[in-house]
Amino acid sequence: MNKKELARLIDGREYGYEPFRAVQQAAKEAGLVIVSGASDDVIEFIGAICDEGGCFDGGKVFFDRNGVSQDGSECANCIEAIWRDKTALDENGNVITWTYKTDIPHETFMIYEDGKPYCRGIVFDLADVR
């Protein structure tokens with residue numbers, strides 16, 4: 001499985017308890033990482049990296065191949081979590097609650113909550129992480 005196939009597989013899922021449970025092991029074995037929002041203050045890394053970081057109202061989360069920098073110190077890799085960016089809209093013009101920016105090559109997918117856009121998550125390959 002590659003990042004495009006995994007993103008396609010999880011696209012459109014409903015937010016809830018462990019929405020990626022069924023694909024977590026496959027992602028890990030393929031060296032892929034799923035990045036998604038949880039609640040209003042957490043960024044989750046699932047798969048080849050299994051960790052989370054705090055990002056209340058958005059912010060930058062630094063990490064390396066071993067996981068998230070829990071003390072906020074800068075690592076070689078960064079994902080910016082963006083909370084309710086008014087320019088981040090789905091195809092119907094609805095604001096997406098969580099979106100992400102990073103220089104790491106990635107694919108995107110959408111997660112919905114009660115039919116509304118909740119998160120435009122990303123999938124990246126651990127091989128692309130410094």
Side-chain angles (χ1 to χ4, degrees):
M1 177 180 331
N2 63 39
K3 61 189 172 198
K4 182 174 262 183
E5 293 167 335
L6 180 56
R8 194 175 307 131
L9 183 65
I10 57 181
D11 187 52
R13 291 188 183 209
E14 188 72 16
Y15 177 72
Y17 179 72
E18 297 188 45
F20 309 113
R21 180 180 227 164
V23 296
Q24 184 172 353
Q25 187 61 35
K28 183 176 182 178
E29 290 170 5
L32 301 172
V33 181
I34 302 165
V35 175
S36 181
S39 186
D40 65 350
D41 63 347
V42 175
I43 181 173
E44 292 185 315
F45 292 69
I46 300 163
I49 296 175
C50 191
D51 207 347
E52 63 182 37
C55 57
F56 181 73
D57 280 341
K60 292 183 178 180
V61 176
F62 295 92
F63 66 100
D64 60 22
R65 295 170 148 268
N66 298 314
V68 173
S69 169
Q70 296 298 331
D71 64 4
S73 60
E74 292 190 21
C75 296
N77 306 284
C78 178
I79 294 177
E80 182 178 4
I82 302 164
W83 175 255
R84 297 187 188 264
D85 178 1
K86 299 210 184 313
T87 65
L89 307 174
D90 73 355
E91 63 277 357
N92 298 316
N94 299 305
V95 173
I96 303 167
T97 304
W98 281 115
T99 55
Y100 304 95
K101 289 183 183 177
T102 185
D103 291 336
I104 300 167
H106 62 275
E107 296 292 329
T108 62
F109 60 89
M110 282 293 297
I111 296 294
Y112 295 88
E113 183 174 37
D114 299 325
K116 295 180 181 163
Y118 175 71
C119 173
R120 182 182 295 137
I122 64 174
V123 176
F124 64 86
D125 194 317
L126 192 60
D128 293 328
V129 171
R130 294 173 269 163

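Please read these numbers as outputs of a predicted model, since none were measured by experiment.
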Chi angles and distances behind the side-chain contact (heavy atoms from CB on, under 4.5 Å) call for Leu89, Asn94
CA-CA 5 Å; Leu89 307 174; Asn94 299 305; over 6 Å; no

Would you kindly confirm whether Ile49 and Val42 end up in one hydrophobic cluster when ILVMFWY residues are joined by side chain heavy atoms under 4.5 Å apart?
no

With clusters defined by side-chain heavy atoms of hydrophobic residues (ILVMFWY) lying less than 4.5 Å apart, directly or transitively, does Ile82 cluster with Val35?
no

Verdict with reasoning, Glu14 to Asp114, per side-chain contact (heavy atoms from CB on, under 4.5 Å):
CA-CA 7 Å; Glu14 188 72 16; Asp114 299 325; 4.2 Å; yes

For the atom pair [atom1] ([X]) and [atom2] ([Y]), what is the distance rounded to the nearest 0.5 Å?
X	Y	atom1	atom2	value
Asp90	Tyr118	CG	OH	15.5 Å
Gln24	Ile46	CD	CD1	6.0 Å
Arg120	Ser36	CZ	OG	13.0 Å
Phe63	Asn77	CZ	CG	4.5 Å
Glu80	Phe62	CD	CZ	9.5 Å
Phe20	Leu9	CZ	CG	10.5 Å

Residues two or more places apart in sequence or in another chain: which of them pass salt bridge (Lys or Arg N to Asp or Glu O under 4.0 Å) with Lys28?
none

Residue pair Cys55 / Ile43: nearest heavy atoms and the distance that separates them:
SG-N, 3.7 Å

Could you work out, with side chain to side chain donor-acceptor pair (under 3.5 Å) as the rule, every residue matching [X], not counting sequence neighbours?
X	result
Gln25	Glu29
Asp64	none
Glu5	none

Checking Ile34 against Phe109 for the side-chain contact (heavy atoms from CB on, under 4.5 Å) test, could you report, in this order, the C-alpha distance in whole Å, the side-chain angles of both residues, the deciding distance, and whether it holds?
CA-CA 10 Å; Ile34 302 165; Phe109 60 89; 3.7 Å; yes

Decide whether Asn2 and Glu107 meet the rule of one side-chain donor and one side-chain acceptor closer than 3.5 Å.
no

Please set out all donor-acceptor pairs under 3.5 angstrom arising from side-chain atoms of residues 122-130, sequence neighbours excluded.
| from | atom 1 | to | atom 2 | distance (Å) |
| --- | --- | --- | --- | --- |
| Asp125 | OD1 | Ala127 | N | 2.9 |
| Arg130 | NH2 | Ala76 | O | 3.2 |

Give a yes or no answer on whether the side chain of Asp11 reaches the backbone of Met110 with a donor-acceptor pair at less than 3.5 Å.
yes

Extract all donor-acceptor atom pairs below 3.5 Å that involve side chains of residues 96-106 and protein atoms in other chains or at least two apart in sequence.
| from | atom 1 | to | atom 2 | distance (Å) |
| --- | --- | --- | --- | --- |
| Trp98 | NE1 | Ser39 | O | 3.0 |
| Tyr100 | OH | Gly37 | N | 2.8 |
| Thr102 | OG1 | Cys78 | O | 2.9 |
| Thr102 | OG1 | Ile104 | N | 3.3 |
| His106 | ND1 | Ile104 | O | 2.7 |

